[in-house]
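Worksheet for the structure shown next.
The sequence lines fix the lettering, A, B, ..., with proteins before strands; numbering per chain opens at 1.
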There are 2 protein chains.
Amino acid sequence: MAENIAERIADRVEAMPPGERKAAQALVANYPLIGLKTVADFAAKAGVSAPTILRFVSRLGFQHYSDFQAHLQEELAAQLQSPLIRSTAPASSRESGASPMVDASIENIRETFRHIPAHQIAEIVDVLANPRMRIMLVGGRFTDPLARYMAAHLTIIRPNVLHLAGQESNWRDRLIDMGKRDILVILDIRRYQESLVRFAEKAGQRGVHIILLTDQWLSPIARFARHVVAGRTAVPSAWDSSAALFVMAETLIAEVTRRLEVESARRIGEMENLRDN
Amino acid sequence: MAENIAERIADRVEAMPPGERKAAQALVANYPLIGLKTVADFAAKAGVSAPTILRFVSRLGFQHYSDFQAHLQEELAAQLQSPLIRSTAPASSRESGASPMVDASIENIRETFRHIPAHQIAEIVDVLANPRMRIMLVGGRFTDPLARYMAAHLTIIRPNVLHLAGQESNWRDRLIDMGKRDILVILDIRRYQESLVRFAEKAGQRGVHIILLTDQWLSPIARFARHVVAGRTAVPSAWDSSAALFVMAETLIAEVTRRLEVESARRIGEMENLRDN
DNA sequence: CGCCATACGTAACAGTTATTACAGAGACAG
DNA sequence: CTGTCTCTGTAATAACTGTTACGTATGGCG
């Protein structure tokens, strides 16, 4: 379905009459641009008539010339999106330039991932991908949105995902139900919130598997956590940046999704069924 | 004459009226493919009418839309023919080591900011830093946490910041109080949520100043928005990445904070007083 | 040599497109 | 508030585009 048009041509070019073969040659010769022009232009370039072009695209499986063009455009779009293609770019603005804020964020992301061994991420993913464990997520004042972000994705691909929202008292009472089969993902950066620390401590005592995402100075929660991920947060701003932790969150989400591919596919299918009714 | 159209846009975008500026944004956001489609398609993507598109290309120095398209095609042809890009890729020499996910995220951030002129960010900051305007923030399924993140910061440095949480019906009823003195910050990436579009449309009709953070394919809300920021989202994952938009959010927060430095310092002082009692 | 099937182009048609003129909406100075 | 100027969308139009039907040419086979 999503196959390349160039390949499709190569497959069928032998079975084509001479005129259409000329069309095929002209198309691959300067692929794919003439395919985006009008039928008349295409025909002139190929040295055939317009109807021959239409018969050609019809043989490729497209009912309308516009379908054919749409397909070519999609291919082009995918190709242009791959980041490495940027010859027309002003090369100067490349290395830095954007803004100190952006440069610092990128540097933070790089540094954060350089200091984290791959096996540590793998271990966390193992834990998060275990469907028999219940996942709870909570964050501080500014990091709670990141917890929500993770929860929004995880809850789609696996069961038993819960974001602890609202007031501290709300989730403190949940402690009584928590135990060794629970995972607690905590996000906490400066200034560390006492309420979170207390909560984490009690959860740790009950055997909850704590995964902490924090900054490079390490929240005191690190003492109770089984896994600690430290992200760089320094940027030229009055605030600390959570960008590195955000990318970390997305990375974890992506990996867990990959791990649960089969299970989650079925799960998503069921969800869409439920939505249709 | 043989200059790049993207550069030509960057030169003249400041002198353009708002509608044509939206056209410029839409074109730069996914350059250059929408420029190769029909005027009507281009107009729909940009959220303006067809004549505005024609005035836009006219301002770029093209007498006919077809001239404009021809120029774009030549650029594309030159770009596609130069094979140096992929082979001499400098990204490998640079330590790309981390992971494809991280590399893609960094590249997305770079690309996003490269496509956004500095004055556009400045304009948005101007609006957000106006204390007489009320700011409301809302997001879609996965982007709502970003709205929360922005709200959490903005609400500290200035008054009248409100995150629209929960069900659609909750905020739809707020429309009646909304008008020209309101700013609505909307985050919306694929797959765009109908409820958000409807909400934005009605808000736009009431004169609300809409700032849209979306992906490179532009949410349909772009039609109603006064400011559109398009972030790259493609990563090697089953999900789209909001990392670029996250950095954009942090950048906006940082800039607004800087702008309001004096006012917010007093405000923060008062807040701490209130907390101590 | 004659018949048939396939391939191709010409020409007409219908739908779509770019383009233009015009009027309403909005911003701004007086 | 009033007039003016800029900007923008609506609607009509003229050019063009894709598409189809049809006739001609060509090559193979009896």
Counting side-chain heavy atoms from C-beta on, which of [options] comes nearest to [X]?
X       : options               : value
A:Glu20 : C:dC8, D:dT8, C:dG9   : C:dC8
B:Val39 : D:dG9, C:dA18, C:dT19 : C:dA18
A:Ala50 : C:dT19, C:dG9, D:dT19 : D:dT19
A:Arg55 : C:dA18, C:dG9, D:dT19 : C:dG9

For atom [atom1] of [X] and atom [atom2] of [N], their distance in whole Å:
X       : N      : atom1 : atom2 : result
A:Phe56 : C:dC8  : CZ    : C1'   : 16 Å
A:Asp41 : D:dT17 : CG    : P     : 7 Å
B:Phe42 : C:dT19 : CZ    : P     : 13 Å
A:Met16 : C:dC8  : CE    : P     : 11 Å
B:Leu54 : C:dT17 : CG    : P     : 13 Å
B:Tyr65 : D:dC16 : OH    : P     : 17 Å
B:Phe62 : C:dA18 : CZ    : C1'   : 16 Å
A:His64 : D:dT20 : NE2   : C1'   : 12 Å

For the backbone of [Y] and the side chain of [X], can you confirm whether one donor and one acceptor N or O come within less than 3.5 Å of each other?
X        : Y        : value
B:Gln216 : B:Ala29  : no
B:Lys45  : B:Trp217 : yes
B:Gln193 : B:Asp188 : no

Describe the nucleic acid contact of A:Pro17 in one word from base, sugar-phosphate, nothing, applying a heavy-atom distance below 4.0 Å. sugar-phosphate

Can you name the residues that form a salt bridge (Lys or Arg N to Asp or Glu O under 4.0 Å) with B:Asp67, not counting sequence neighbours? none

Do any side-chain nitrogens or oxygens of A:Ser66 fall under 4.0 Å of OP1 or OP2 in D:dG18? no

Both A:Pro51 and A:Arg59 contact DNA chain C. Which one's nearest nucleotide lies toward the 5' end? A:Arg59

Are a donor atom and an acceptor atom from the side chains of B:Glu111 and B:His115 found within less than 3.5 Å of each other? yes

